[in-house]
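Note that ligands are numbered from 1 as they come in the structure, with each ligand's atoms numbered from 1 the same way. Please read all numbers here as calculations on a predicted model, not as lab measurements.
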Amino acid sequence: MTAPVTVTDEGAVRIVRMNRPEKKNALTLAMYREMARALREADQSNTIRCNVIAGVPGAFCAGNDITDFLNASSGGLDPRVSEFLQALALRQKPLVAAVDGVAVGVGTTMLFHCDHVVASSGATLSTPFLKLGLIPEAGSTLLAPMRMGYVRAFSLLVMGRPLTAAEAKDAGIVNTVVDSAEVDATALEAAQEIAALPPKTLAVARGLMRGHLDEVIKQIETEGRHFRELLQSDEARAAFAAFLARRK
Ligand code: COA
């Protein structure tokens, strides 16, 4: 069986690929942990200078596994989720995303931590948190309004209106839109370009541009507290059960 997250290094670029195509790359707790580990390890490496986060054809990431949400609604949110979100926010080395197909929930909100985003023309970004009785996470309530402007962020994060790749580019959260078959190569090329920059000055420039990390971490924690509480609501539990039962 293929691993649900694969990690490959191509020269100075680490590619962290979500690889659970049968579930559209819905993230399990083990996947969160493996991705966090791979990104942290890249920061420690003397050879890796940039990361690419990628998915499979047609599925960047369908968000948190809803079965885990249902399980978490009785026992609380597993620490592996916040460990991953913090790993994203705290990374010292740049993150490039290669987005093909669906990016839902954390599949979209993780993009706000990326330095460069390549998407296929058919990609869609959506965050149906409120429809599931939840609130946006991963620091997105702070980062999305900053990046896209408040009304566009409200439409995406609160109203749950999806964005096409072209709209996401227009909103300033995607750099380049290419054909599906070109997504990985275009993202790798951008990552190689970033990796070729002088590392110390890259780290300083990036650190300055990303602003106050402590605010982002605090927002992730505050969102997490609300999220944990909401996971246990009847409304959310009913929405999870409805999704999981939809074809049975
Ligand atoms: N959690 C658990 N399973 C999921 C999942 C998720 N987040 N997203 C997809 N899957 C599963 C489906 O249940 C299905 O499993 P099955 O084949 O055993 O029935 C499989 O992945 C394929 O999904 P399917 O819905 O058939 O694919 P699609 O192309 O028609 O739709 C999505 C893809 C992503 C639009 C749709 O699956 C979806 O809306 N998923 C839920 C996304 C979500 O709400 N995530 C949480 C955000 S907070």
message: Any nitrogen or oxygen of V104 lying under 3.5 Å from a nitrogen or oxygen in ligand 1? Just yes or no.
response: no

query: Any side-chain heavy atom of V16 sitting closer than 4.5 Å to one from V52?
result: no

Salt bridge R37-E34, side-chain N to carboxylate O under 4.0 Å: yes

- prompt: Under 3.5 Å, N or O to N or O, is T67 touching ligand 1 that way?
  reply: no

query: Which is closest to atom 11 (C) of ligand 1 by heavy-atom distance: E137, K23, K131, K24?
result: K23

query: Does the N or O separation between A62 and ligand 1 drop below 3.5 Å for any pair?
result: yes

message: Taking V118's backbone N and O only, do any of them form a donor-acceptor pair with T176's side chain (distance below 3.5 Å, no angle check)?
response: no

query: Any idea which atoms of ligand 1 are less than 4.0 Å away from a heavy-atom of L132?
result: 44 (O), 46 (C), 47 (C), 48 (S)

message: Using a 4.0 Å cutoff against the non-hydrogen atoms of F129, which atoms of ligand 1 qualify?
response: 48 (S)

Residues N51, V13; criterion side-chain contact (heavy atoms from CB on, under 4.5 Å); working and verdict: CA-CA 6 Å; N51 300 282; V13 176; over 6 Å; no

- request: Show which atoms of ligand 1 fall inside a sub-4.0 Å distance from at least one heavy-atom site of A26.
  value: 1 (N), 5 (C), 6 (C), 7 (N)

message: With a 4.5 Å cut-off on side-chain heavy atoms, are V7 and I15 touching?
response: no

- prompt: Does the pair E41/R14 count as a salt bridge with the N-to-O cut at 4.0 Å?
  reply: yes

statement: Closest to atom 13 (O) of ligand 1 by heavy-atom distance, out of R20, R246, E22, is R246

